[in-house]
Number of protein chains: 2
Amino acid sequence: MNTDSHLDAIDTRIIRVLQTHARATFDEVGEQVGLSASTVLRRIKRLEEAGVITRYAAIINAEAVGLGLTAYLNVRLEKHTTSHKRSPMDAFRASVLTWPEVVECSSLTGEMDYLLRVVVRDMAHYSRFVMDTLLRHPSVQDCKTSFVLDRVKHTTALPL
Amino acid sequence: MNTDSHLDAIDTRIIRVLQTHARATFDEVGEQVGLSASTVLRRIKRLEEAGVITRYAAIINAEAVGLGLTAYLNVRLEKHTTSHKRSPMDAFRASVLTWPEVVECSSLTGEMDYLLRVVVRDMAHYSRFVMDTLLRHPSVQDCKTSFVLDRVKHTTALPL
DNA sequence: ACTGAAAAACAAGGGTT
DNA sequence: AACCCTTGTTTTTCAGT
């Protein structure tokens, strides 16, 4: 989790390959960057240990697995601590981590406190999530939904 | 790219493993789901060919590679076609695909037309992107930025 | 630091139940 | 549809440059 992991040009090129082809063999990566498989192996291991590469993910077509609806949800929390134990913020964060529908959650500058990306099967499921789970949460004051009509671009690759 | 790829319980479990461990060997996946490596291989190949698994991605720690600032950008487009060639929508979409800072872009219901997630090195870079690129685009009417203060949750794994 | 060779592990296809 | 077995490939270690 280092902030300055002093990557050289070859590390950057290796990362670029793995961002789109995470199952490439060390030989294949080596061919792309002009290095032997064993050297590539050592560099990738170093990047993993330094926390630069955090994990490898298969990217799944949501519609193909029956998850046809995604929404962005702006959430505003209560401003006051009702209990002496912990803040609404901490309670909300802990809950978000347990809700599988929420695939992404960030705290933001601006009027709304959090932006969630929520992926569900259909509108019935979405409605249940908002009514029965989100709005019932004691930390949540209100929320605003925007449904995704079309995904124009969706990459997991950072601009390197 | 099928919408009904009739996945059985084992396909679902294989996907769950690969979503978080995309470089696992077929043996390792097989151990998790109780199947032999060759059977797992055939099922994964089938999922790839059916477009259920679209690709494999190494997930990179943005801060560790010097990309410390991420922002959500709500964009509203011009409503009128100024040229007879194509709509502002098409022009905007085509441009978004060429802007590397934009890692995510969806069209939404609600007041704003598009939501972008933008990842950059620092505020200077962000400012340049908005002033010199985004707002200069002929299709763009206006935009509103929310900066990410903290990532509470960020998974690439769908809730299966 | 990188390479190349050698051993161990793995992938991938065919035959069998 | 799944398993086992076999062959070719890949990973991983290690001595050498």
Side-chain angles (χ1 to χ4, degrees), chain A residues 1-67 156-158 160, chain B residues 1-61 63-66 156-158 160:
Chain A
M1 299 285 169
N2 205 337
T3 301
D4 182 22
S5 310
H6 46 78
L7 310 178
D8 65 17
I10 291 170
D11 288 327
T12 303
R13 292 175 66 197
I14 289 173
I15 289 169
R16 270 203 279 259
V17 173
L18 291 179
Q19 281 195 131
T20 46
H21 300 284
R23 279 184 79 100
T25 66
F26 296 118
D27 244 325
E28 285 165 348
V29 178
E31 210 181 331
Q32 295 288 316
V33 305
L35 243 46
S36 72
S38 51
T39 305
V40 168
L41 167 69
R42 261 191 304 105
R43 280 177 177 262
I44 291 176
K45 285 274 169 290
R46 194 166 53 72
L47 291 168
E48 289 170 0
E49 276 153 25
V52 176
I53 299 172
T54 57
R55 68 184 189 282
Y56 300 95
I59 307 303
I60 303 301
N61 180 344
E63 267 135 50
V65 295
L67 296 167
T156 49
L158 300 176
L160 288 174
Chain B
M1 300 287 167
N2 206 337
T3 300
D4 182 21
S5 308
H6 46 79
L7 310 178
D8 64 17
I10 291 169
D11 287 326
T12 303
R13 291 176 67 196
I14 289 173
I15 290 169
R16 269 203 279 257
V17 173
L18 290 178
Q19 281 195 133
T20 46
H21 300 284
R23 278 186 80 100
T25 66
F26 296 117
D27 247 325
E28 285 165 345
V29 178
E31 209 180 333
Q32 296 287 317
V33 306
L35 242 47
S36 74
S38 56
T39 305
V40 169
L41 166 70
R42 266 190 301 104
R43 280 177 176 261
I44 290 176
K45 286 273 170 289
R46 195 166 52 72
L47 292 169
E48 288 170 359
E49 276 151 27
V52 177
I53 298 172
T54 58
R55 66 184 191 283
Y56 299 95
I59 306 303
I60 303 301
N61 180 345
E63 268 135 50
V65 294
T156 50
L158 300 176
L160 289 175

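Letters A, B, ... mirror the listed sequences (proteins, then strands); counts begin at 1.
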Between [N] atom [atom2] and [X] atom [atom1], what is the distance in whole Å?
X: B/Arg42; N: C/dT16; atom1: CZ; atom2: C1'; result: 13 Å
X: B/Leu41; N: D/dC4; atom1: CG; atom2: P; result: 15 Å
X: B/Leu47; N: D/dA1; atom1: CG; atom2: P; result: 13 Å
X: A/Glu48; N: D/dT11; atom1: CD; atom2: P; result: 12 Å

Q. Under the side-chain hydrogen bond (donor to acceptor under 3.5 Å, both in side chains) test, which residues partner A/Arg16, sequence neighbours left out?
A.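 side-chain hydrogen bond (donor to acceptor under 3.5 Å, both in side chains) list for A/Arg16, sorted by chain: empty.
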
Close side-chain approach of [X] to [Y], heavy-atom, < 4.5 Å:
X: A/Val17; Y: A/Glu31; value: no
X: A/Leu160; Y: A/Leu7; value: no
X: B/Val33; Y: B/Arg43; value: no

Q | Side-chain N or O of A/Arg43 closer than 4.0 Å to phosphate OP1/OP2 of C/dC2 | A |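 Yes.
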
Q.
Using a strict threshold of under 4.0 Å (side-chain N to carboxylate O), is an ion pair present between A/Glu49 and A/Arg46?
A.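 Not counted as a salt bridge, because no side-chain N and carboxylate O are separated by less than 4.0 Å.
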
Q: Please name the residue in the list B/Ile53, B/Thr54, B/Leu47 that meets the side chain to side chain contact (heavy atoms under 4.5 Å, CB included) test with A/Asn61.
A: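 Checked B/Ile53, B/Thr54, B/Leu47 against A/Asn61; only one passes side chain to side chain contact (heavy atoms under 4.5 Å, CB included): B/Thr54.
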
**Q.** Close approaches to DNA chain C from residues 17-36 of chain A, in residue order (heavy atom, under 4.0 Å)
**A.**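 DNA chain C contact set from residues 17-36 of chain A: A/Leu35, A/Ser36.
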
Q. Looking at the side chain of B/Ser38, which of D/dC3, D/dA2, D/dT12 is the nearest nucleotide?
A.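 Nucleotide nearest to B/Ser38's side chain: D/dC3.
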
